[in-house]
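Working notes, beginning with the structure itself.
Sequence positions, counted from 1, serve as the residue numbers for this chain. Start at 1 and go down the list; that is how both ligands and their atoms are numbered.
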Amino acid sequence: MRLVLLGPPGSGKGTQAKLLAARLGMAHISTGDILREAVRTGTALGRQVRPFMERGTYVPDELVSALVRERLSRDDAPKHFLLDGYPRTRAQAEALDRLLAEIGLALDAVVYLDVPDEIIVHRITGRRVCPACGAVYHVENQAPRQAGICDVCGAELIQREDDREETVRERLRVFRQTVPEVVAYYAHQGNLLTVDGSADVDTVHQALCDKLQEVTPGC
Ligand code: AMP
């Protein structure tokens, strides 16, 4: 199974990607997570992408596509994967198609998680993440047992730099500007599924699985 999960920042993309990848036994490849890790550890890539990420704008297509290519074409690359947050532009979608053709694989589906802006701003500004294990919480909707502390590993939770309100609004603006070309690209290929992502985590997960049943009986 090979999937792309598209959605605005705050659509629950990361949470749903983790659940789906675990349920269907796919590798979860999140370009946002890979880029944040590169920034955190100060690699050459991290230094290059940091200014873009801090502003909430996109990292150049060539850099992100090179990174995905590196992940998917090495010898031990997974054959079943879920791409989370990539492709985000038409140029990236075309680069992905070229890569998939080279390695002889195809996508089963592209899922678009649709969520209105007002819900997103509320969700993102309340989001807290664990810097140690990657668990994600929300101060109201999915609060940890003890405020500010990760249930899984006990580390202190943080707010991502790019989850501040001004940055969120900029990220949404960029997303709304570029997503139609990606949605149109996959709609044209005939493998686009749209799921309403505004409900709670479990309801959206079930809706996603129901939609995916249309392309795979394994969900
Ligand atoms: P995300 O966690 O998917 O919301 O990504 C966080 C940030 O990483 C984005 O705001 C971009 O700056 C950068 N990023 C992640 N994936 C991509 C991509 N496919 N193309 C360009 N920039 C990306």
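Sorted by chain then number, the residues whose non-hydrogen atoms approach ligand 1 to under 4.0 Å are Lys13, Thr31, Gly32, Leu35, Arg36, Met53, Thr57, Tyr58, Val59, Val64, Gly85, Tyr86, Arg88, Gln92, Arg160, Asp162, Arg171.
Residues Val201 and Gln16 form a side-chain contact, since some pair of their non-hydrogen atoms from C-beta on lies under 4.5 Å apart. Contact check for Phe81 versus Leu72: side-chain heavy atoms found under the 4.5 Å cut-off.
Put simply, Val68 and Tyr58 are part of the same group of oily side chains (I, L, V, M, F, W, Y) that touch within less than 4.5 Å, one to the next.
No side-chain donor from either of Gln146 and Asp151 sits under 3.5 Å from a side-chain acceptor of the other.
When all heavy atoms of Met1 and Leu3 are compared, the pair lying nearest together is CE-CD2, 3.5 Å.
Here His122 pairs with His138 under the ring-ring contact (aromatic ring centres under 6.0 Å, His included) rule; sequence neighbours left out.
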